[in-house]
Amino acid sequence: MSLNTLAVLCANPKAGYVAHKEEIGAAISRVLNGGSYILGEEVKTFEEEFARFIGAAHAVGVGSGTDAIQLALRACGIGPGDAVFTVSHTAVATVAAIELAGAVPVMVDVAEDTCTMDAARLEEAVSAVERDPALAGGARPRAVVAVHLYGQPADLPAIQAVAARHKLRLIEDAAQAHGAALTERKVGTWGDAAAFSFYPTKNLGALGDGGAVTAQDPGVAERVRLLREYGWKQRYVSDFPGMNSRLDEMQAAILRVKLRFLDEENRRRQEVAALYAAGLAGKTVTLPVCQAGAVHVYHLYVVQSSQRDGLQAHLKGAGIGTMIHYPVPVHRQPAYASRGLTAGLALPVTEALCGRILSLPMHPFLSPEDVTRVIEAAGSFPVSEGPRP
């Protein structure tokens, strides 16, 4: 069954465009008629509006979420010879960005309930590398990239405590968590810097690539601004090596429109999640957990099943799209498997998750009928096909 024949899509960025088509069209026309297409007033104004939404002092628009992580690390002084601790249960972009900054990624395990970084395992990994830097290819512990996964904040207070104890810089990978919060404080304001993605399927999605770095320290923010454009303070004169990673005016204008609807659309995601939780309780899947004190914005709604592949086929047969986020942990992928990126430590939770997780349809434009259809189809998955998880 092709994407076009599915009755319920797992994600639907086109619906976000259609819902705001008139305003987006006006924003695009404004840019086209304005004559400024790179780092103009649209980008500047979006940066101000997004920083205000997050509660950060500064936001800097960049070319993608991957670039945002790389630039955040570099702006915090992280580079060659530095070990950066993160999770393997994430989009590979997290790890790719660490290597693009010249640093060495070290993977740690995740917690069973939230699927985000386990602070106790972080402590274990950092301590192991401090004792024996050879476990990270001779690199010294310098930073943590905490991934807010599926719209759920990582355990930031516990991770902050480990980072402070070991004098590590803390970078938040908030690519999936626009508007998420913990103890009434939004993600993107906890670390030395935070990276956001505006890929079209994200809660705040552009109609192309885009990203941003948020920071409280004006020095970190200014360094990101310089790094994103060749290290220029004076045009065509690089004070230090930078790159080309600029959020363009068109995407900034589109994001300004969509930002106005983000709270409302996050609430709709939460409503869909509540319907799933009620409708699938006691069925053949394990439901996601929201940690105490957190605002989960449900970028994805990820269930678990010991019969995941059968469930996915069953849902596809009912016209329901699903995805697996993520099918292979980064440390087991061909590009990384031979490189020993776990400091010799086992990642049992991460490795178990990849065979159990399944993302159900989740976006703010699902109709009540769509949600009912998903619940009925998932709930009708025959128990006889396998034991309950």
- Under a single-linkage definition using a 4.5 Å side-chain heavy-atom cutoff for Ile, Leu, Val, Met, Phe, Trp and Tyr, are Ile324 and Val147 assigned to the same hydrophobic cluster? yes
- Query: Once you round to the nearest 0.5 Å, how far does NE2 of His296 lie from CD of Gln270?
  - Reply: 9.5 Å
- Query: Within 45° of the ring axis of Phe240 and under 6.0 Å from its six-membered ring centre, is that where the NZ or CZ of Arg223 lies?
  - Reply: yes
- Could you check if a side-chain atom of Leu247 sits within less than 4.5 angstrom of a side-chain atom of Val62, using non-hydrogen atoms only? no
- Checking Ser29 side chain against Gly25 main chain: does a donor-acceptor pair fall under 3.5 Å? no
- Item | Evaluation steps, side-chain hydrogen bond (donor to acceptor under 3.5 Å, both in side chains), between Glu47 and His58 | CA-CA 7 Å; Glu47 289 172 340; His58 306 277; over 6 Å; no
- Would you mind reporting whether Ile320 and Leu6 have side-chain heavy atoms less than 4.5 Å apart? no
- Item | Side-chain ion pair, Glu264 and Arg267, N-O less than 4.0 Å | no
- Message: Once you measure the plane-to-plane angle for Tyr276 and Tyr301, does it fall in the parallel (<30°), tilted (30-60°) or perpendicular (>60°) bin?
- Response: tilted
- Evaluate the ring planes of Phe261 and His20, with Trp represented by its six-membered ring, and classify them as parallel (under 30°), tilted (30 to 60°) or perpendicular (over 60°). parallel
- How far does CD1 of Ile28 sit from CD of Gln251, to the nearest 0.5 angstrom? 8.0 Å
Exercise answer: donor-acceptor pairs, residues 73-81 side-chain atoms, under 3.5 Å, sequence neighbours excluded:
from	atom 1	to	atom 2	distance (Å)
Arg74	NH2	Pro241	O	2.8

- Expected output: side-chain Arg269 to main-chain Tyr298 donor-acceptor under 3.5 Å: yes
- Item | Heavy-atom pair with the smallest gap, counting every atom of Thr214 and Ala59 | CG2-CB, 4.1 Å
- Item | Candidate pair Arg260 and Glu49, rule salt bridge (Lys or Arg N to Asp or Glu O under 4.0 Å), full reasoning | CA-CA 9 Å; Arg260 297 201 296 272; Glu49 292 170 348; over 6 Å; no
- Shortest non-hydrogen pair, Ile98 vs Val104, comes out as CG2-C, 4.1 Å
- Point-to-point distance, once rounded to the nearest 0.5 Å, from SG of Cys115 to CG of Leu300: 11.5 Å
- Task: Using a 4.5 Å cut-off on heavy atoms from C-beta on, say whether the side chain of Val303 contacts that of Pro288.
- Result: yes
- Query: Aromatic rings Phe196 and Phe50: how do their planes relate, parallel, tilted or perpendicular, breaks at 30° and 60°?
  - Reply: perpendicular
- Do Glu376 and Arg373 meet the salt-bridge criterion of a basic N to acidic O distance under 4.0 Å? no
- Query: Side-chain donor-acceptor pair under 3.5 Å between Glu123 and Ser127, yes or no?
  - Reply: yes
- Message: For Thr114 and Gln291, which I'm curious about, is there any donor-acceptor pair between the side chains at under 3.5 Å?
- Response: no
- Query: Looking at side-chain heavy atoms only, is the closest gap between Val374 and Pro361 below 4.5 Å?
  - Reply: yes
- Message: Can you confirm whether or not the ring centre of His314 sits under 6.0 Å from the ring centre of Phe381?
- Response: yes
- Message: Taking Ile254 as the starting point, is it possible to reach Tyr37 by hopping between hydrophobic residues whose side chains are less than 4.5 Å apart?
- Response: yes
- Item | Salt bridge Lys258-Glu265, side-chain N to carboxylate O under 4.0 Å | no
- Item | Tyr236: hydrophobic cluster co-members (side-chain, 4.5 Å) | Tyr230, Trp232
- Item | Salt-bridge criterion met for Glu48 and Lys44 (N-O under 4.0 Å) | yes
- May I ask you to decide if Arg356's main-chain N or O and Gln304's side chain share a donor-acceptor pair within less than 3.5 Å? no
- Item | Minimum side-chain heavy-atom gap Met107-Val87 below 4.5 Å | no
- Cluster link Tyr326 to Val110, ILVMFWY, side chain under 4.5 Å: yes
- Hey, are His148 and Glu172 close enough side-chain-wise for a donor-acceptor pair under 3.5 Å? yes
- Are a donor atom and an acceptor atom from the side chains of Gln152 and His299 found within less than 3.5 Å of each other? no
- Would His89 and Leu347 satisfy side chain to side chain contact (heavy atoms under 4.5 Å, CB included), going step by step from the backbone distance to the final call? CA-CA 10 Å; His89 184 56; Leu347 309 183; over 6 Å; no
- Message: Does Phe53 have more than 12 heavy atoms from other residues, nucleotides or ligands lying within 6.0 Å of its CZ?
- Response: yes
- Item | Leu366 side, atom CG; His363 side, atom NE2 - distance, nearest 0.5 Å | 3.5 Å
- Show your working on side chain to side chain contact (heavy atoms under 4.5 Å, CB included) between Val297 and His178 and close with a plain yes or no. CA-CA 7 Å; Val297 294; His178 314 72; 5.9 Å; no
- Query: Among side-chain atoms of His325 and Ser359, is any donor-acceptor pair under 3.5 angstrom?
  - Reply: yes
- Are Leu358 and Val371 linked, directly or through other ILVMFWY residues, by side chains that come within less than 4.5 angstrom of each other? yes
- Among side-chain atoms of Glu130 and His166, is any donor-acceptor pair under 3.5 angstrom? yes
- Query: Is there side-chain contact between Leu204 and Leu259, with heavy atoms separated by less than 4.5 Å?
  - Reply: yes
- Note on the structure: Met250 and Asp248 have their tightest heavy-atom pair at N-OD1, 2.9 Å
- Message: Using every non-hydrogen atom in the two residues, find where Gln216 and Ala57 come nearest and quote the distance to one decimal.
- Response: OE1-N, 2.6 Å
- Item | Under-4.0 Å salt bridge between Arg121 and Asp109 | no
- Thr66 side-chain N/O to Ala97 backbone N/O, donor-acceptor pair under 3.5 Å: no
- Item | Min side-chain heavy-atom separation Phe85-Val126 under 4.5 Å | yes
- Task: Show the numbers, then the answer: is there a side chain to side chain contact (heavy atoms under 4.5 Å, CB included) between Phe365 and Asp370?
- Result: CA-CA 9 Å; Phe365 306 102; Asp370 290 335; over 6 Å; no
- Can you tell me if Ser305 uses its side chain to pair, donor with acceptor, with the backbone of Gln307 under 3.5 Å? yes
- Say you draw a straight line from OG1 of Thr322 to CD of Gln312; how long is it, rounded to the nearest 0.5 Å? 3.5 Å
- Taking Asp192 for its side chain and Leu170 for its backbone only, find out whether a donor-acceptor pair lies under 3.5 Å. yes
- Query: Would you say the side-chain atoms of Thr342 and His331 include a donor-acceptor pair closer than 3.5 Å?
  - Reply: no
- Query: How many angstroms lie between atom CD of Glu249 and atom CG of Leu39, to the nearest 0.5 angstrom?
  - Reply: 7.5 Å
- Query: Nearest heavy-atom pair of Asn266 and Gly179: which atoms, and what distance?
  - Reply: ND2-CA, 4.1 Å
- Give the minimum heavy-atom separation between Val145 and Thr94, together with the two atoms involved. CG1-CG2, 3.9 Å
- Same cluster or not: are Leu360 and Leu353 linked, directly or through other Ile, Leu, Val, Met, Phe, Trp or Tyr residues, by side-chain heavy atoms under 4.5 angstrom apart? yes
- With distance as the sole criterion, is a donor-acceptor pair present between the side chains of Arg246 and Asn244 under 3.5 Å? yes
- Message: Are Asp118 and Val349 packed together at the side-chain level, in the sense that at least one heavy-atom pair is separated by less than 4.5 angstrom?
- Response: no
